[in-house]
Amino acid sequence: DTEVTQTPKHLVMGMTNKKSLKCEQHMGHRAMYWYKQKAKKPPELMFVYSYEKLSINESVPSRFSPECPNSSLLNLHLHALQPEDSALYLCASSPFQDQPQHFGDGTRLSIL
Amino acid sequence: QQQVKQSPQSLIVQKGGIPIINCAYENTAFDYFPWYQQFPGKGPALLIAIRPDVSEKKEGRFTISFNKSAKQFSLHIMDSQPGDSATYFCAASKRGYNKLIFGAGTRLAVHP
């Protein structure tokens, strides 16, 4: 079992729906990340939070909206997604920036 | 310059063999090189990592070899087992910048 917990494990949504992905870690890590991974491809960085502040946004479309309510939680709010957004969404955390990143098992997202 | 090139794309070995996966980079500012192991339906798990001040690092059956002058690093898996069958990603990042640049991945199959 990983120490980064992601919910839900699977999500199917229509293009007009609004949903949220949740990530939680209790390792005291102060950096948290969202990645997108398509089948047979490496993870692609989307966002980085450091000390609950957004530090990196990799030019992600605004239909993806991250939120870091506290040092243990990271959310990704989804709205008006496209079929090409179907992917595995991974959360990761690290003690600080420039430290080893530990991944959760992801949320498998399907857009109908 | 931001790329990490990984080879081979796929690899089949017999149990007990020593699969070798290679990665090359161009950006000399990279100073942290982790390897991740990913099983189907799971997130990437940090396997082993190295910094450029050492040429080799071993953890159990996994060894990283690092050649700073050639800007190459490789993963060796000693006495490989069917349970090692997974996708392996190399990655690189710059000090103080917590973006991992991933290689394309290697799908390893270890046959009994």
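Every chain is numbered from 1 and lettered A, B, ... according to where its sequence line falls, protein lines coming before strand lines.
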Fill in: chain B contact via A:Gln37 - which portion, at a heavy-atom distance below 4.5 Å
side chain

Fill in: Between A:Gln99, A:His102, A:Lys40, the one whose heavy-atom pairs under 4.5 Å with chain B are most numerous
A:Lys40

Worksheet item: Counting only heavy atoms not in A:Met15, do more than 12 sit closer than 6.0 Å to its CE atom?
Response: no

Worksheet item: Side-chain contact, heavy-atom cut-off 4.5 Å: B:Pro44 with A:Tyr35?
Response: no

Worksheet item: According to a 4.5 Å side-chain heavy-atom criterion applied to Ile, Leu, Val, Met, Phe, Trp and Tyr, with indirect links allowed, do A:Leu109 and A:Met46 form part of one hydrophobic cluster?
Response: yes

Discussion item. Is it the case that atom CD in B:Gln9 sees more than 12 heavy atoms from other parts of the structure closer than 6.0 Å?
Written reply: no

Item to complete: Can you measure from CZ (A:Phe103) to CD (B:Gln38) and round to the nearest 0.5 angstrom?
Response: 8.5 Å

Worksheet entry | Single-linkage hydrophobic cluster, 4.5 Å side-chain cutoff, B:Phe33 and B:Ile20 together | no

Fill in: Pairs of heavy atoms under 4.5 Å with chain B: top-ranked of A:Lys41, A:Glu44, A:Gln101
A:Gln101

Worksheet item: Where along residues 84-93 of chain B does a heavy atom come under 4.5 Å of chain A, listed by residue number?
Response: B:Phe89

Worksheet item: Under 4.5 Å, heavy atom to heavy atom, which residues of residues 58-72 of chain A contact chain B?
Response: A:Glu58

Discussion item. With clusters defined by side-chain heavy atoms of hydrophobic residues (ILVMFWY) lying less than 4.5 Å apart, directly or transitively, does A:Leu54 cluster with A:Leu78?
Written reply: yes

Worksheet item: Transitively linked via ILVMFWY side-chain contacts under 4.5 Å: B:Tyr36 with A:Leu90?
Response: yes

Discussion item. Give the interface residues of residues 50-77 of chain B toward chain A, defined by a heavy-atom separation under 4.5 Å.
Written reply: B:Arg51

Worksheet item: Would you find more than 12 non-hydrogen atoms of other residues, nucleotides or ligands less than 6.0 Å from A:Lys38 atom NZ?
Response: yes

Worksheet entry | Heavy-atom pair with the smallest gap, counting every atom of B:Leu46 and A:Pro100 | CD2-CB, 3.5 Å

Fill in: Interchain contact, B:Phe39 with chain A, by part (heavy-atom threshold 4.5 Å)
neither

Worksheet item: Which bit of B:Gln6 is near chain A, if near means a heavy-atom gap under 4.5 Å: side chain, backbone, both or neither?
Response: neither

Item to complete: Can you check whether anything in residues 99-112 of chain B gets within less than 4.5 Å of chain A, heavy-atom wise, and list it by number?
Response: B:Lys99, B:Leu100, B:Phe102, B:Gly103, B:Ala104, B:Arg107

Worksheet item: In terms of hydrophobic clustering (I, L, V, M, F, W, Y; side-chain heavy atoms under 4.5 Å; direct or indirect links), are A:Trp34 and A:Leu81 co-clustered?
Response: yes

